[in-house]
Amino acid sequence: MRGDWGRSIRLLSMLLLVVSTVTMATVAPVSAMLAVDTDGQSLVTDGASVASAHSLGDTGRLPQQTADGTNNSTDVIHENPDEVDSEDDLDRLASYLTGALNGQIESSTLRLSRGEYEAAKSALGDEYDTPLRKYVDVEGETAGDGATEEYETVKETQRDYIDTVSEFQETRREYEAAKQAGDTERARELARRLSRLDEAGETQSERLIAAFDGISNETGDDLSETSTRLAAVQSNISAQRRDIVGREFVATRLDVTSYDRNISFTDPLVLTGSLVTDNGTPVETTNATFAVGDQRIRTAVGADGGFELAYRPTRVAANASELTVRYLPSNASAYQRSERAIPVSITQVAATTTLADAPTGASGYADPVSVRATVSVNETPVTDYRLSAVLGGVPVSTARTDGRGHSTLSGTVPATAPVGDATLRVGPARDGRAVRVEPASVSVPITSEATTLDVRAGASANRTVVVAGALETREGEAVEDQPVAISVAGHPVETVSTNSSGAYRTTVSLPANVTAANATVSAAFDGTGTNLESASATTTVRRPGNGGGSARGGLPFGLTDLLWVVSGTAVVGLVAVVLLRRDGETAASDGGTAESVAPSVDGGTSPAPTPAVPTMLDSASDSLSSGCPNDAVVVAYAGARRALAADAGIDDAATHWEFYEQCVDAGVGSADSLESLTAGYELAAYSGVSVSDDEAERLVETARALVDATESNTSTN
C-alpha cells in the first residue's frame, strides 16, 4: 500500500504542474479562509460547509488566522466530541452549536415573514443539518437534557409550514384571479382549499412555537421574537382566510333532532336532524355529506333541511364519550361547513379474523411473504380497518380492509424470524377501538441464510481508528439493523449497528499498549437468535502515508489542504487517489499486491488513463456500499463534472465553484442539482467532516441524474 500513495502523490504532482499558475494565484486568499486545529485537520465553522461561505458572502466567512496558523477567532469551531476532554469544553461547544442552530431558525422565520419561501427553507438545509448532527453528538456526552427533540421538530415542521404558507398565498392569488374572471365554482373550490391550508398552518405553527419555547428553556437563548414573528405570519393568513370565507359562503347550522346514545357496531347510531342557515332558512340541497367519527356518510336532505343518517362505529375509540357530526358541503356549494358534538356510549364488539394464501415454501431473510386476511362481525364485513402483520416479533406490513372486509398484507422476512416454523400474526394496528379485532396466526417456514462481512480500518488522530464495512447475505441482500462487534488487537471495544444499506462505520480508541502500526481490527456478526449465519473479518490498520487513506474517508490533511487551492484539474487527481486506493484494497484482498495496481510514474510507464464516466459512477456506488461515503461523493462529483465539461466544452482548469458558474451560464445541467452536488463535494473533500451515508447516497444519485440528463441531451442533438 505504501507504493500506492507514492504513485498517487507523484501523479498529483504532475497534474499540479499543469495548473501551478492558477494555484499560486489562489493560495493566499484561500489559506486565509481555513481554520486549522492542532492536529492539522481543516475544520468547518458556523455549522455549514465552505459552500455557505461562498453563497453568503462576508456573513459566511470562516474565522481568520495569522501567518503562524493561530486561529484568532473567539468562536468555538467544530471539534470532534470524542476529542474534547473537559465538561467545560463540551458545554462551550454545545453553546456554540445552539447559537448556530438558533441563528438559522431566526433567519428562516425572518425570510418566511418576508415571503422569501425558498430562502426560508434553505436556511434549514445543510447550514442547519450539519450543526444539528454535531449537537446530537455533543448532547450525548453532556449531562444536560438538551433540546435535540425540539430542534428535530423545527427541522421537519418549519419546512412543512413554509410549504403551507407558500401554497396558501399561491392559492389566494388563484382565488383572486378566479373571482376576477367570474368563475364562481373555481373560486369556491379555492376558498375551501384556503380553509384547509389555514387549519394545517394553525397546527404547524402551534407545534413550532412550543418547540421554540422548549429550545429557549433548554439553551437559555431567547426565541420569543422568532415566536412572535411566526405567530404574526399565521395570524395574517388566518385573517385572509376569514375574509375570503365570509365573502364567499353562507354560514350554516347543524341541528340534531333525535338519536339513541347507546351504540355499537351491531347497534348503529341512527340520527335525525336538520341543516339550516344562521337565519333558519333550510339549506338548499337534495343530498349532503356528513363526517361522523371515522367515516363519511352521504344521505338525502328534504326541502325543510331535514335528514337522517346511520353510523356504525368501527375505528373510533371504544371509550369515546362523544362524537362530532360535521356537514361537509361540496366544493361548488355556497354554504359553509358546520358541526355538532353529541354525547354517546359505545359498547365494544369483537370481530373474527381468518387467514388464507399463506406461504408454504421455505423463505429466507428479505424474501417476500404475504397473507390474505378477512375481518367480520357475525358475517358482516368490517371495512376500512387497519391491520398489522408481525413476523418474528417485527411488524412487516400494514393494510386496510376493503368493502368486503378483505386485506392482503405483504412484506419481507426479517432477521428475527426464527429458523423453522415462524409465526405470522395478523391483528389490529391499534387497540381500544369500537371493534376489537381478534388476532389470527399462521406458520411460515423459515430457512437460514449465509452472510458475508467485510471490514476496513484507518488510523485517525488522537489514537483513534475509523472502522467501516458492510454486512450482506451471500445473495447480496443488505442486512440492516444488526450488531457488529469491533475488536482491536483482540480487545472488544465497541458494538455498532448496520444501517439500511448494511453498512457500518464507527471511530474507536486504541487500547493501551496497542499502536496503529501493530494493530489488527476484527469485526464479528453473531447470528444467534436470527435466521442469519454468523460471519467475521479481520484487517490491519491503514495509516496515512503508507498506502491508506484518511480514516475520515478523505485524504491526509497536507494533501487535502493542497487540493483546496488547486484548480479543477486536481479533482481528477483526487479521484485517481480514491480509485487507486480502492483498487489496491481489492487487489490485496485477492492475494495480489498494491504494486500491481498501477505502474510507477517515474519508472517510465504512463499513468493509468482517467476512468470513463460510467466507471466512475459505479466506483462511487461501490465506495458507498463499502462504507466510504466521502470517497463516494468525491468520485461521483468528478464523474458528473467530466460529463458536463464534455457537453459544454468548459475549461477543465476551473475551480469547482467556477465550474458550477460556467455550467449555469452555459445552461448545462440542472443548476440546483449541480449546486447541491458541488457543495456536497466540497464538504466531502475538504472539510474533514464525515458525510452521512444517506447524504452521500443522495449526492451520488444527483450526480447520476446529471450525467443521464447530459447523455440524453447529447443523443437528441
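Fair warning: this is a prediction, and the values are worked out from it, not measured in the lab.
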Okay, side chain of [X], backbone of [Y]: is any donor-acceptor separation there less than 3.5 Å?
{"X": "Gln348", "Y": "Arg433", "value": "yes"}
{"X": "Thr171", "Y": "Glu167", "value": "yes"}
{"X": "Ser235", "Y": "Ala231", "value": "no"}
{"X": "Thr252", "Y": "Gln336", "value": "yes"}
{"X": "Ser673", "Y": "Thr702", "value": "no"}
{"X": "Tyr385", "Y": "Val435", "value": "yes"}
{"X": "Ser216", "Y": "Leu223", "value": "yes"}
{"X": "Thr412", "Y": "Ala366", "value": "no"}
{"X": "Thr498", "Y": "Gln482", "value": "yes"}

Test log, rule side chain to side chain contact (heavy atoms under 4.5 Å, CB included), inputs Phe212 and Val154: CA-CA 8 Å; Phe212 294 163; Val154 171; 3.8 Å; yes

Salt-bridge present (Arg173, Glu170; N to O < 4.0 Å):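 Yes, this pair counts.
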
Cationic N near anionic O, under 4.0 Å, Arg400 to Asp294: no

Nearest 0.5 angstrom please: [X] [atom1] to [Y] [atom2], how far?
{"X": "Gln104", "Y": "Thr109", "atom1": "CD", "atom2": "OG1", "answer": "11.0 Å"}
{"X": "Glu152", "Y": "Thr157", "atom1": "CD", "atom2": "OG1", "answer": "10.5 Å"}
{"X": "Asn499", "Y": "Asp481", "atom1": "CG", "atom2": "CG", "answer": "10.0 Å"}

Contacts of Arg229 that satisfy salt bridge (charged side-chain N to carboxylate O under 4.0 Å, His left out) - sequence neighbours left out: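 Salt bridge (charged side-chain N to carboxylate O under 4.0 Å, His left out) list for Arg229, sorted by chain: Glu225.
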
For Asp243, all residues meeting salt bridge (charged side-chain N to carboxylate O under 4.0 Å, His left out), sequence neighbours excluded: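 By the salt bridge (charged side-chain N to carboxylate O under 4.0 Å, His left out) rule, Asp243 matches Arg247.
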
Looking at every non-hydrogen atom in both residues, tell me the closest pair between [X] and [Y] and how far apart they are.
{"X": "Leu230", "Y": "Ser205", "value": "CD2-O, 3.9 Å"}
{"X": "Cys628", "Y": "Arg505", "value": "CA-NH1, 4.1 Å"}
{"X": "Pro439", "Y": "Pro428", "value": "CG-CD, 4.5 Å"}

Test item: Ser108 and Ile105 side chains (from C-beta on) under 4.5 Å apart, heavy atoms: no

Min side-chain heavy-atom separation Phe290-Arg296 under 4.5 Å: no

Row check, Phe249 ring normal vs Arg192 NZ/CZ: under 6.0 Å, within 45°: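 Yes, cation above the ring, under 6.0 Å and within 45°.
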
Does a donor on one side chain sit under 3.5 Å from an acceptor on the other, for [X] and [Y]?
{"X": "Glu494", "Y": "Thr506", "result": "yes"}
{"X": "Ser122", "Y": "Arg111", "result": "no"}
{"X": "Asp694", "Y": "Ser692", "result": "no"}
{"X": "Thr164", "Y": "Gln204", "result": "yes"}
{"X": "Ser670", "Y": "Asp672", "result": "no"}
{"X": "Thr98", "Y": "Thr219", "result": "no"}
{"X": "Tyr175", "Y": "Glu248", "result": "yes"}

Criterion salt bridge (Lys or Arg N to Asp or Glu O under 4.0 Å) on Lys121 and Asp163, from CA distance to verdict: CA-CA 9 Å; Lys121 289 187 72 174; Asp163 287 339; 3.1 Å; yes

Parallel, tilted or perpendicular: rings of Tyr128 and Tyr151 (30°, 60°): perpendicular

Sequence-distant partners of Tyr504, side chain to side chain donor-acceptor pair (under 3.5 Å), two or more places apart: none

CA sep, side-chain torsions, deciding dist, call: Ser238, Asp198, side chain to side chain donor-acceptor pair (under 3.5 Å): CA-CA 6 Å; Ser238 293; Asp198 179 45; 2.7 Å; yes

Glu149 CD: over 12 foreign heavy atoms closer than 6.0 Å: no

